[in-house]
Amino acid sequence: MDWQGQKLAEQLMQILLLAFAVVAFATGYFMASFQMMIITYFGGVALTTLVTGPNWPFYNRHPLKWLDPSEVEKHPKPQPSASSTSKKKPVKK
Amino acid sequence: MHSFGYRANALLTLAITLLALMCAMASFSDNINSPSPSAHVQVLNINWFQKQPNGNDEVSMTMNISADLQSLFTWNTKQVFVFLAAEYETPKNSLNQISLWDGIIPSKEHAKFWIHTSNKYRFIDQGRNLRGKEFNLTMHWHVMPKTGKMSEDKIVMPGYRLPEEYR
C-alpha cells in the first residue's frame, strides 16, 4: 500500500466500524434482541476486515516514486578505505 | 497501516472498544424500563408444626404462590432469580429471614406463574419463638442482565400468622 492508500484504509476502517456499531445497536434495541445486535455487529466487523485488511489495488493509486536505477549508477556508494580502518580495534565498553 | 497484521490489529482493537461501548449503552437502557411487578401468596395449610429434638421450632406449610414479573424483563435480561422468604422478629434477632422457595425464570413467557407447593427449604427457627408468630412473606428477586449490573427488589406481603400450638 502507498501512503494515500494507508490513510484511506484507516479512515474507511474507523467509519465502517462506527457505522456498524450504530446500526447494530439500533437493530438490537428495536428488535429487542441482544443476539441480533451481536450478529449484526460481527457481520460488520467481518465486512470491514474484508474491505480494509487485504492490499487491494485501489489502495495503490498513488505509488511511491523510487529513484531510477540509471541515476543510482551515476552516484556510487562510498566504500570504506582498506588501509587504516580495517586494523581498527573494537571499542571496549 | 503498512502491513496486514498492523491493520488487523488496529481493526480488532477498535472493534472491541466499540463493542464495550455498545454493551454499556445496552446496560444503561435498562434504566429506562420502569417495572410494575405483582405477587400474591396464599398459605393453604400448615402441614405440621413441631419442636425439634435440638430445641428449635420447625413448621411445614403448603402455599399457592402466584406472581407476574413480566415487566422486569428487557432485551438485556438474561434471567430473574426469585425467592420467597418468611420474615419475622424475635427477642434474639430483630430480623429473621427464612427462604422457603426459590426459582429461576429464564424468559418473559415464564415470568407470569402460579404454583402450588410445600416449602422447598425447611422453615426452622433459632429457638422456640414460632407459636402464634406473625410473619411477612416477602418475594425477593434479582434481575440478572446479559451485560451490566445486577439489580434486586422485593414485594412485602404482611399479615400471616402461625398457629398458637404445635400440631
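Naming convention: chains lettered A, B, ... in sequence-line order (proteins, then strands); numbering from 1 in each chain.
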Practice item. Against chain B, label A/Gln35 side chain, backbone, both or neither, depending on which of its atoms sit under 4.5 Å from a heavy atom there. Key: neither

Check your understanding: Which bit of A/Ala21 is near chain B, if near means a heavy-atom gap under 4.5 Å: side chain, backbone, both or neither?
Key -> both

**Study point:** Which atoms of B/Ala26 approach chain A - backbone, side chain, both or neither, heavy atom under 4.5 Å
**Key:** both

Exercise for review: Check whether B/Leu19 gets within reach of chain A through its side chain, its backbone, both or neither, counting any heavy atom under 4.5 Å.
Suggested key: both

Point to revise | Per-residue contact mode, A/Tyr41 against chain B (heavy atom under 4.5 angstrom) | key: side chain

Check your understanding: Of the backbone (N, CA, C, O) and the side chain (C-beta and beyond), which part of A/Ser33 lies under 4.5 Å from a heavy atom of chain B, both, or neither?
Key -> backbone

**Study point:** Common cluster, B/Leu14/A/Val23, ILVMFWY with side-chain heavy-atom separation under 4.5 Å
**Key:** no

Practice item. Select, from B/Gly5, B/Ala10, B/Ala8, the one with the greatest count of heavy-atom pairs under 4.5 Å involving chain A. Key: B/Ala10

**Study point:** Check: A/Phe25 and B/Leu21 side chains under 4.5 Å, non-hydrogen atoms
**Key:** no

Check your understanding: Do B/Tyr166 and B/Asp57 come close enough that some side-chain heavy atom pair is under 4.5 Å?
Key -> yes

**Study point:** Whether B/Phe135 and B/Phe123 hold their rings parallel, tilted or perpendicular, with breakpoints at 30° and 60°
**Key:** perpendicular

**Study point:** Selection from B/Asn76, B/Leu12, B/Leu18 maximising heavy-atom pairs under 4.5 Å formed with chain A
**Key:** B/Leu18

Review point. Using non-hydrogen atoms only, which part of A/Leu16 is less than 4.5 Å away from chain B: side chain, backbone, both, or neither?
Key: neither

Point to revise | Sole residue of B/Asn31, B/Asp30, B/Asn33 in side-chain hydrogen bond (donor to acceptor under 3.5 Å, both in side chains) with B/Thr74 | key: B/Asp30

Review point. So does B/His110 have more than 12 non-hydrogen atoms from other groups sitting under 6.0 Å from NE2?
Key: no

Practice item. Kindly check if the number of other-residue, nucleotide or ligand heavy atoms within 6.0 Å of CZ (B/Arg128) is above 12? Key: no

Check your understanding: Any idea which of A/Phe20, A/Trp3, A/Tyr29, A/Phe42 has the most non-hydrogen atom pairs under 4.5 angstrom with chain B?
Key -> A/Tyr29

